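For reference, the structure is listed below as structure tokens.
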Amino acid sequence: MSDERAERIAEFIRPLRVKPGSKVRLDRDFDPRYRAGLKKAEGVELLRSGVSLLAEYQDRLAAADSYGVVMCLQALDAGGKDGTIRHVMSGVNPQGVRVSSFKVPSAEELDHDYLWRYAKRLPERGEIAIFNRSHYEEVLVVRVHPENLLRQKLPEHARGPDVWKRRYREINDWERYLTDNGFKVVKIFLNLSREEQRIRFLKRIDLPEKNWKFSAADVRERRRWDDYQLAFSAMLSATSTEWAPWYVVPADRKWFARICAAAVLAHTLIGIDPQYPDVGEEARKELLATRRELEREAPAGASADPYAERNKADRKEKKGKKGRG
Ligand code: AMP
Ligand code: MG
């Protein structure tokens with residue numbers, strides 16, 4: 001990874017970052033149509049190289065087995081969470097990723113503290129966990145629809161008017177604890193405009209193969225647009241921290257949202273800079289002894305080490321091409 005490329009990625013996502021301690025008003029501070037002056041064709045190329053960068057870093061993350069990453073995706077309905085996950089993670093090894101979608105909590109989940117079900121889905125070291133919706137629903141949908149809070153069976157002292165402020169603090173503390181222990185929390189809010197949501201809903205109604213994605217509840221939620229904007233703004237203001245900042249990703253153009261999400265995740269992995277473990281001198285000596293043994297087993301007429309031979313030929317060819325080009 002060149003420093004220059006790392007710096008370009010950092011530069012690219014800087015305008016999306018919510019400065020810790022700042023007071024956000026979504027409609028004033030973030031434009032859902034922003035695209036950093038990029039054209040779609042350039043964007044598609046960028047995403048392709050971003051996806052292969054992620055694949056390389058994920059391989060190293062798994063090999064190093066020391067850090068884990070949890071990427072939280074929040075959005076309003078039709079914000080593009082599913083498509084973002086599909087595209088951004090398209091190049092990575094499925095063995096190293098676990099995706100969890102959080103729906104209306106079950107009876108069992110409601111019988112625990114509100115972070116319980118999210119804690120159960122945290123990554124192992126070496127893994128990337130993706131939260132499709134996350135613990136932030138606990139200060140979003142639960143705040144906009146207080147009947148959700150009633151269902152949580154909280155004791156009286158935990159239900160007071162300071163409940164949201166307290167939850168912000170608890171979430172910040174929880175994320176700090178995770179970060180301190182090697183689990184980075186990456187937070188992405190896909191910021192969709194009201195008009196683009198209308199268009200995407202219509203598409204889901206017009207195309208039969210999209211009908212399953214649409215429910216009457218989605219329209220009910222849309223009627224609460226302003227309440228959600230306020231809840232998102234308050235949440236972004238209170239929970240963007242130095243250890244786990246929020247990124248507000250412009251979501252009206254799907255291709256641009258995907259590049260941003262890939263860049264934010266890449267930036268985190270570059271920061272971790274996971275390394276392949278060095279097996280050490282003793283183990284290396286043993287490997288070389290084993291290699292000699294395998295070489296002696298070569299059948300008559302076969303090369304002692306076909307892999308090394310092919311590798312050498314490939315390198316020679318590459319060098320030749322470079323010389324000619
Ligand atoms: P979807 O992601 O479209 O499958 O919908 C999941 C639904 O679960 C959404 O309507 C969310 O608002 C709802 N949901 C997610 N988390 C919670 C929560 N903690 N409490 C209540 N509803 C939730
Ligand atoms: Mg839905």
Side-chain angles (χ1 to χ4, degrees), residues 12-18 24-36 38 40 43-44 46-47 50-51 54 69-90 99-103 128-141 143-144 185-204 210 213-214 217-218 221-222 224-237 239-240 244-268:
F12 180 74
I13 63 172
R14 199 160 289 143
L16 318 178
R17 187 171 184 270
V18 176
V24 175
R25 236 189 62 194
L26 264 184
D27 59 342
R28 177 193 63 193
D29 301 333
F30 292 96
D31 175 9
R33 298 192 60 77
Y34 170 76
R35 59 186 164 91
L38 283 178
K40 186 171 178 179
V44 168
L46 259 182
L47 182 62
V51 163
L54 286 177
V69 174
V70 49
M71 181 162 99
C72 306
L73 276 173
Q74 287 293 153
L76 281 169
D77 290 309
K81 299 190 303 299
D82 296 330
T84 300
I85 295 170
R86 198 169 62 241
H87 280 82
V88 171
M89 305 316 281
S90 61
V99 184
S100 301
S101 299
F102 295 99
K103 314 267 180 192
I128 299 175
I130 297 180
F131 283 4
N132 184 344
R133 302 182 189 270
S134 70
H135 47 296
Y136 283 97
E137 292 296 344
E138 304 295 335
V139 292
L140 293 167
V141 67
R143 185 171 189 173
V144 172
V185 185
V186 181
K187 304 187 304 204
I188 292 177
F189 169 57
L190 298 172
N191 186 28
L192 189 71
S193 73
R194 193 171 152 82
E195 175 57 7
E196 182 62 24
Q197 189 194 51
R198 190 177 74 91
I199 297 169
R200 290 186 190 174
F201 277 180
L202 285 168
K203 183 173 172 188
R204 287 179 179 187
K210 298 264 181 201
K213 274 206 155 195
F214 191 75
D218 294 345
E221 293 302 279
R222 177 175 166 82
R224 305 293 301 272
W225 182 273
D226 291 341
D227 296 326
Y228 271 106
Q229 294 293 303
L230 284 177
F232 274 115
S233 298
M235 172 278 268
L236 292 166
S237 308
T239 60
S240 197
W246 270 104
Y247 291 89
V248 177
V249 164
D252 274 15
R253 294 180 173 88
K254 289 180 178 173
W255 61 267
F256 189 69
R258 289 162 190 168
I259 302 170
C260 293
V264 169
L265 184 56
H267 177 72
T268 304

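Keep in mind it's a predicted model, so treat the numbers as computed, not measured.
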Side chain to side chain, Lys81 and Ser101, heavy atoms closer than 4.5 Å: no
Close side-chain approach of Arg194 to Arg222, heavy-atom, < 4.5 Å: yes
Rounded distance [0.5 Å steps], NZ in Lys187 versus OH in Tyr136: 3.0 Å
Result of checking Leu265, Val249, Ile188 against Cys260 for side chain to side chain contact (heavy atoms under 4.5 Å, CB included): Val249
Short N-O contact, Arg224 and Glu221, less than 4.0 angstrom: no
Test side chain to side chain contact (heavy atoms under 4.5 Å, CB included) applied to Ser240 - qualifying residues, sequence neighbours left out: Val18, Pro245, Trp246
Heavy-atom check, side chain of Arg35 versus side chain of Pro250, under 4.5 Å: no
Minimum side-chain heavy-atom gap Leu38-Phe12 below 4.5 Å: yes
For the student: nearest non-hydrogen atoms of Ala262 and Leu47, plus distance: CB-CD1, 4.0 Å
CG on Asp29 to CG on Leu236, rounded to 0.5 Å: 10.0 Å
Shortest non-hydrogen contact from Cys72 toward His135: SG-CE1, 3.7 Å
Student check: side-chain heavy atoms of Arg133 and Val141 closer than 4.5 Å: no
Taking every non-hydrogen atom, the tightest pair across Ser237 and Ser233: OG-O, 2.7 Å
Candidate pair Val99 and Met89, rule side chain to side chain contact (heavy atoms under 4.5 Å, CB included), full reasoning: CA-CA 10 Å; Val99 184; Met89 305 316 281; 6.0 Å; no
Side chain to side chain contact (heavy atoms under 4.5 Å, CB included) evaluation trace for Met235 with Phe189: CA-CA 11 Å; Met235 172 278 268; Phe189 169 57; 5.5 Å; no
Qualifying residues under side chain to side chain donor-acceptor pair (under 3.5 Å), relative to Ser193, sequence neighbours excluded: Asp252
Inter-residue atom distance Ile259.CD1 - Ile13.CD1, 0.5 Å rounding: 13.5 Å
Heavy-atom donor-acceptor pair, Gln74 side chain to Ser134 backbone, under 3.5 Å: yes
Which atom of Arg258 lies closest to which atom of Gly83, heavy atoms considered: NE-O, 3.7 Å
Spatial distance of atom CZ (Phe131) from atom CD (Glu137) [nearest 0.5 Å]: 12.5 Å
Spacing of CG belonging to Leu16 relative to CZ belonging to Phe30, to within rounding of 0.5 Å: 7.5 Å
Flag side-chain contact, heavy atom, 4.5 Å: Leu26 against Val248: yes
Parallel, tilted or perpendicular, as decided by the 30° and 60° cut-offs, for the rings of Phe232 and Tyr228: tilted
OG1-CG distance between Thr84 and Leu73, expressed to the nearest 0.5 angstrom: 6.5 Å
Any residue meeting side chain to side chain donor-acceptor pair (under 3.5 Å) with Gln229, in chain and number order, not counting sequence neighbours: none
Leu192 side chain reached by Arg200 side chain, heavy atoms, under 4.5 Å: yes
